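In what follows, a single structure is set out as structure tokens and then discussed.
What you are looking at is a predicted structure, and each value in this text was computed from that prediction instead of being measured.
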Amino acid sequence: MRTIASEVEAVVRRVVPVKAAVRAGRPALLWWGWAAALFLLYAAVGARRQALIRTTGYDLGIFEQAVKQYAQLRAPIAPLRGDGFNLLGDHFHPVLAVLAPLYRLAPSPYTLLFAQAALLAVAVVPLARRAHHVLGRRAAHVIAFGYGLSWGIASAVAFDFHEVCFAVPLVSYALEALAVRRWKLAVAWGAPLLLVKEDLGLTLAAIGGYIAWQGRRRLGLVTAAAGLLGSALEFKVLMPFFSPAGTYAHAANLEPGHSSLLTTLALAPLDAVRPDVKATTLVLVFAPAALIALHSPLAWLAVPTLGWRMLSQNPFHWGTSFHYTAVLMPVVFAALTDALAPYRRSGDALSRRHVRASLATTLAVTAVLLPSFPLAQLAHRSTWRSTAHVAAARELLRRIPDGATVAASNRLVPQLTSRTDVVLFPTYPVHWRLYDTGAPVPPPTAQWIVYDRVPAESWPYPPGYWPYPKERQEAELIKAEQAYGYRVVAQREGITLLRR
């Protein structure tokens with residue numbers, strides 16, 4: 001009898017852990033399911049924008065040129081950014097080399113767009129996992145929904161490709177590690193931020209500051225120092241070294257806003273909310289979390305990014321467009337989970353109602369904001385229909401042979417980057433200087449020019465002409481024919497193809 005009982009007990013011991021493991025593993029379907037769904041959503045947006053010629057040379061074309069060079073084991077020279085311009089002198093993002101093997105296998109702008117979709121989607125995993133462990137299954141779905149359809153992520157998905165997509169999952173996993181007090185793991189996730197972009201060393205420093213505040217002072221202070229010193233080295237040494245101009249390309253954005261440094265520092269709190277667009281953005285960043293995320297100390301990790309953006313002299317940094325808010329979305333939703341955790345643990349009826357009301361508000365705000373931001377493009381008929389203009393563009397671009405040199409309008413550039421050597425028409429920037437639109441445009445030297453006088457409507461840009469007014473671009477096109485020896489090969493739907 002004892003033998004039979006012992007055998008039964010042994011069988012039970014073997015079986016129960018297996019069942020427990022299966023049950024423990026099932027919640028993983030929640031967060032990985034969300035990651036898969038969000039990847040498909042983001043990839044659809046990126047793919048349709050590329051197919052409809054809504055992507056741009058600034059910035060998808062520039063990044064593709066850099067990755068293309070990495071794939072050929074060369075320095076990331078991006079002719080779109082300037083003749084012989086090493087893109088590490090524009091922003092410090094050696095992490096782009098990670099995409100080189102993928103691009104070698106599939107040399108296409110879609111490779112970058114799909115990689116970005118995957119990176120942004122996988123960032124939901126630690127957010128949903130932490131919410132599931134702390135707040136429960138339904139809350140995990142709400143957090144995943146809020147992050148995945150947040151306006152900050154939507155704005156990044158619908159504007160080409162940017163290196164910050166690497167930072168989003170790194171920050172998300174670092175936040176999960178901070179929440180469970182795994183300090184060294186948090187540092188391990190945060191340290192690669194130094195290879196993503198020069199300002200993200202400040203976020204690493206914030207991670208270190210949080211760790212020090214929680215009691216691991218030595219590790220925290222070392223991490224904070226590494227972040228600050230890393231960013232300083234990139235700003236002051238590495239980017240000027242790689243830049244052909246020998247300076248940080250975006251230094252004008254960091255210039256003091258007033259006549260003296262003391263005045264600038266004294267007025268910084270006011271300048272951070274003036275003009276009104278800054279205050280609106282600050283509110284919208286935390287609005288999806290019903291501002292409750294501000295009750296968590298994890299929200300402090302948003303300060304470095306918000307700080308440099310609101311104090312920048314570049315108006316593009318102040319609003320809700322582009323990719324600048326993407327890295328803040330994991331902070332907002334991780335902080336929301338952290339702020340609600342004490343209410344869930346208390347277990348009383350009032351606390352439970354507070355948690356439910358907060359999550360309901362997150363759902364409501366996300367749903368209300370959704371139509372105003374780019375993920376709503378997928379519901380538009382125009383996203384799924386091609387046009388005569390797109391068909392004409394594709395037919396004319398096919399006439400340009402592989403390996404040719406081309407000067408192309410901004411939105412035509414990403415259609416050519418993988419198979420030609422392409423620059424912008426008319427040339428921009430001039431002598432590596434951005435926004436100096438008053439400088440004379442150098443004569444084109446490419447074999448082909450393809451010019452589109454009917455720019456597509458595409459968020460975040462309204463219909464218009466870039467980088468120069470229409471009159472100036474038309475004048476440069478006429479000059480190419482009359483003075484530089486180009487002849488018209490074909491014209492269709494407002495697109496002109498010329499060859500020297």
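No option in K197, E198, E234 other than E198 meets the side-chain hydrogen bond (donor to acceptor under 3.5 Å, both in side chains) test with H91. P330 pairs with exactly one of L175, L170, L298, V124 by the side-chain contact (heavy atoms from CB on, under 4.5 Å) rule, that one being L175. E176 pairs with exactly one of R129, R182, R130 by the side-chain hydrogen bond (donor to acceptor under 3.5 Å, both in side chains) rule, that one being R129.
Of the possible donor and acceptor atoms, none in the side chain of W384 sits under 3.5 Å from a partner among the backbone N and O of A379. Side-chain atoms of T223 do not come within 3.5 Å of backbone N or O of G208 as any donor-acceptor pair. Without hydrogens or angle criteria, T325 side chain to G152 main chain gives no donor-acceptor distance under 3.5 Å. In this structure a side-chain-to-backbone donor-acceptor pair under 3.5 Å is present from Y465 to R453. Between the side chain of N314 and the backbone N or O of N253 there is no donor-acceptor pair closer than 3.5 Å. Here the side chain of E64 pairs no donor or acceptor atom with the backbone of Y110 at under 3.5 angstrom. Without hydrogens or angle criteria, S155 side chain to W151 main chain gives a donor-acceptor distance under 3.5 Å. For T366 (side chain) and T362 (main-chain N/O), a donor-acceptor pair under 3.5 Å exists by modelled atom type. Checking side-chain atoms of T383 against main-chain N and O of Q377 turns up a donor-acceptor pair under 3.5 Å.
Taken from CG in L284 to OG in S372, the straight-line distance is 9.5 Å, to the nearest 0.5 Å. Here CG of L120 is found 6.0 Å from SG of C165. Values are rounded to the nearest 0.5 Å. Between D59 atom CG and H162 atom NE2 the span is 3.5 Å, to the nearest 0.5 Å. Rounded to the nearest 0.5 Å, atoms CD (Q447) and OG1 (T420) are 10.0 Å apart. Taken from CG in L52 to OG in S382, the straight-line distance is 7.5 Å, to the nearest 0.5 Å. Separation of atoms CD (Q116) and CD (E163) is listed at 10.0 Å; rounding is to 0.5 Å.
The aromatic rings of Y173 and W189 lie parallel to each other, their planes meeting at an angle below 30°, with 60° marking the opposite boundary. Using a 30° and 60° split on the angle between ring planes, H317 and Y324 fall in the perpendicular class, above 60°.
When the shell of 6.0 Å around CZ of F241 is examined, it contains 12 or fewer heavy atoms from other residues, nucleotides or ligands. No more than 12 heavy atoms of other residues, nucleotides or ligands sit less than 6.0 Å from atom CZ of R138. Within 6.0 Å of the CZ atom in R499, the count of heavy atoms belonging to other residues, nucleotides or ligands does not exceed 12. The 12-atom threshold is exceeded at CZ of R500, counting heavy atoms of other residues, nucleotides or ligands nearer than 6.0 Å. Counting heavy-atom neighbours within 6.0 Å of D83 CG, excluding the residue itself, gives a total of 12 or less.
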Working for side chain to side chain contact (heavy atoms under 4.5 Å, CB included), residues L396 and Q491: CA-CA 8 Å; L396 293 180; Q491 286 182 314; over 6 Å; no

Chi angles and distances behind the side-chain hydrogen bond (donor to acceptor under 3.5 Å, both in side chains) call for W308, D199: CA-CA 8 Å; W308 73 255; D199 65 277; 3.2 Å; yes

CA sep, side-chain torsions, deciding dist, call: Y42, I153, side chain to side chain contact (heavy atoms under 4.5 Å, CB included): CA-CA 9 Å; Y42 302 158; I153 298 299; 3.4 Å; yes

CA sep, side-chain torsions, deciding dist, call: V413, L80, side chain to side chain contact (heavy atoms under 4.5 Å, CB included): CA-CA 9 Å; V413 166; L80 283 163; 3.6 Å; yes

Trace of the side chain to side chain contact (heavy atoms under 4.5 Å, CB included) decision for V488 with E481: CA-CA 8 Å; V488 175; E481 290 187 68; 3.4 Å; yes

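A ring-centre distance under 6.0 Å is found for F63 and H93. Two rings, from W34 and Y147, have their centers 6.0 Å or more apart.
For the pair W183 and L178, the minimum side-chain heavy-atom distance is below 4.5 Å. The shortest distance between side-chain heavy atoms of Y58 and P467 does not fall below 4.5 Å. Put simply, the side chain of R309 reaches to within 4.5 Å of the side chain of T281, judged on heavy atoms. Two residues are said to be in side-chain contact when any heavy atoms from C-beta on lie closer than 4.5 Å; S243 and F85 meet this criterion. Taking 4.5 Å as the limit, every side-chain heavy atom of S321 sits out of range of all side-chain heavy atoms of F159. Taking the side chain as every heavy atom from C-beta outward, F161 and L99 approach each other to under 4.5 Å. Within the 4.5 Å cutoff, no side-chain heavy atoms of L194 are placed close to those of L233. With contacts defined as side-chain heavy-atom distances shorter than 4.5 Å, the pair L87/I62 qualifies.
In this structure, F373 and A154 approach most closely via the heavy-atom pair CB-CB, 4.3 Å. Closest approach of Q69 and I77 over heavy atoms only: CG-O, 3.4 Å. Between N86 and P76, the closest heavy-atom pair is OD1-CG, 3.4 Å. Taking every heavy atom of both residues into account, A480 and I449 meet most closely at CB-CD1, 3.8 Å. Nearest heavy-atom pair, R419 versus L397, reported as atom, atom and distance to 0.1 Å: NH2-O, 2.6 Å. P79 approaches V422 most closely through the heavy-atom pair CB-O, 4.3 Å.
For the residue pair H389 / D452, a side-chain donor-acceptor distance below 3.5 Å is found, with atom types taken as modelled.
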